[in-house]
Protein chains: 2
Amino acid sequence: MAQYSRRLDITFAALSDSTRRGVLVQLGRGDASITKLAELFHMSLTGMKKHVGILEDARLVKTEKRGRVRTCELGLRRLDIETAWLENYRELWDKRFDALEVLVQELKQRGAANKTPNKCRTKVRA
Amino acid sequence: MAQYSRRLDITFAALSDSTRRGVLVQLGRGDASITKLAELFHMSLTGMKKHVGILEDARLVKTEKRGRVRTCELGLRRLDIETAWLENYRELWDKRFDALEVLVQELKQRGAANKTPNKCRTKVRA
DNA sequence: ACTATACTGAACCATATGGCTCAGTATAGT
DNA sequence: ACTATACTGAGCCATATGGTTCAGTATAGT
């Protein structure tokens, strides 16, 4: 698990910008030059180049310079470990809230039997 | 789609730090005070508080102050829209690479029939 | 040869991030 | 009342981010 840490840092950071997410979607539709992307996202060439650089570092985009134009295309990473992390988190979340549900049920039971459940006592103290 | 943009920005940014991902996992195991988290992650109280703040902004963590201790627990968000984005991207990625596969097959076919496929010509030029 | 295009690199700017310390405030326990 | 604990807020620091402009370099097209 731990060895993926740096990779996750970098990819999630790359994904935390809507322009960059947009670029990924755009490249899904087909390859594009930096100029074309810059126009599409209303941004300077240099600005777009930086974004592409970050996506390249995250290996989400691959670029190749042919002649004077640098063509960008989707990289080979399919966000598998990121998806795995999210899946794992959701499982954990479900388990956690199932556990809470059990707790709530217990409290209800106790409340019905007792008429002075723990929960109320602490609330009154505050 | 677009209305989720800011939310995605914030969550992915929150997830782009391994300490914060660790905190989420930890809270999955049970609620914890800021002090406990700070100890667990070998960090100053203030440092941990900032992280928790960022997780709160992303609504991944909920906190409540009882007496002098602030207890942190998992928030209600299950990372659904983030998962959805990733799923969507993977689909797009698959489609894209299926399309490339088709292209490669075409080139192979042409190559077999022709013995001088386009691809090679460009390579030699470089 | 000349000109337009496509990128590249350096430098700047404002703001954010990830950490820290230090000086508080508020509450718990005795 | 006193002391220890748990947090809080301000402020510092170094570095990163998201953008820009401006001055190049390299290549394409005529």
Could you identify the nucleotide paired to [N], looking across every strand shown and requiring Watson-Crick or G-U wobble geometry with both distances under 3.5 Å?
{"N": "C/dA28", "result": "D/dT3"}
{"N": "D/dA16", "result": "C/dT15"}
{"N": "D/dC22", "result": "C/dG9"}

Which part of the nucleic acid, if any, lies within contact of [X], taking any heavy atom under 4.0 Å across all strands shown: a base, the sugar-phosphate backbone alone, or nothing?
{"X": "B/L45", "value": "base"}
{"X": "A/G47", "value": "base"}
{"X": "B/S33", "value": "sugar-phosphate"}

Does OP1 or OP2 of [N] have a side-chain N or O of [X] closer than 4.0 Å?
{"X": "B/R66", "N": "C/dT27", "value": "no"}
{"X": "A/K50", "N": "D/dG18", "value": "no"}
{"X": "B/H51", "N": "C/dT17", "value": "no"}
{"X": "A/R20", "N": "D/dT17", "value": "no"}
{"X": "A/S44", "N": "D/dT20", "value": "yes"}

If I take atom [atom1] in residue [X] and atom [atom2] in nucleotide [N], what distance separates them, rounded to the nearest angstrom?
{"X": "A/L37", "N": "C/dA6", "atom1": "CG", "atom2": "P", "result": "13 Å"}
{"X": "B/I54", "N": "C/dA16", "atom1": "CD1", "atom2": "P", "result": "12 Å"}
{"X": "A/F12", "N": "D/dT17", "atom1": "CZ", "atom2": "P", "result": "16 Å"}
{"X": "A/D9", "N": "C/dT17", "atom1": "CG", "atom2": "P", "result": "15 Å"}
{"X": "A/L40", "N": "C/dA6", "atom1": "CG", "atom2": "P", "result": "15 Å"}
{"X": "B/I34", "N": "D/dG9", "atom1": "CD1", "atom2": "P", "result": "11 Å"}
{"X": "B/D57", "N": "C/dG18", "atom1": "CG", "atom2": "C1'", "result": "15 Å"}
{"X": "A/H42", "N": "D/dG18", "atom1": "NE2", "atom2": "P", "result": "19 Å"}

### Message
Taking the nucleotide of DNA chain D with the nearest heavy atom to each, does A/M48 or B/R70 sit closer to the 5' end?
### Response
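It is B/R70, whose closest nucleotide lies nearer the 5' terminus.
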### Query
Starting at the 5' end of DNA chain D and moving along, which residue's nearest nucleotide shows up first, B/K49 or A/R68?
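Nearest-nucleotide comparison on DNA chain D picks B/K49.
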### Query
B/V69 has a side chain; which of C/dG19, C/dC22, D/dA6 sits nearest to it?
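So the side chain of B/V69 is nearest to D/dA6.
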### Task
Could you check which of C/dG9, C/dT21, C/dG19 has an atom nearest any side-chain atom of B/T46?
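Per side-chain heavy atoms of B/T46, the pick is C/dT21.
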### Query
What distance separates B/L60 CG from B/L27 CG, expressed to the nearest 0.5 Å?
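B/L60 atom CG to B/L27 atom CG measures 10.5 Å (nearest 0.5 Å).
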### Query
Is there a donor in the side chain of B/T63 and an acceptor in the side chain of B/E56, or the other way round, less than 3.5 Å apart?
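Result is yes, a qualifying pair exists.
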### Mutual orientation of the aromatic rings belonging to A/F12 and A/W85 [parallel < 30°, tilted 30-60°, perpendicular > 60°]
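Correct class here is perpendicular.
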### Task
Answer yes if A/I81 and B/Y89 sit in the same cluster of Ile, Leu, Val, Met, Phe, Trp and Tyr residues linked by side chain heavy atoms under 4.5 Å apart, and no otherwise.
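Yes: a chain of side-chain contacts under 4.5 Å links A/I81 to B/Y89.
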### Note: B/R96-A/D31 ion pair, threshold 4.0 Å (strictly below)
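Counted as a salt bridge, because a side-chain N and a carboxylate O are separated by less than 4.0 Å.
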### Query
Below 4.0 angstrom, N of the basic side chain to O of the carboxylate: do B/E64 and B/R66 qualify?
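Answer for the salt bridge query: yes.
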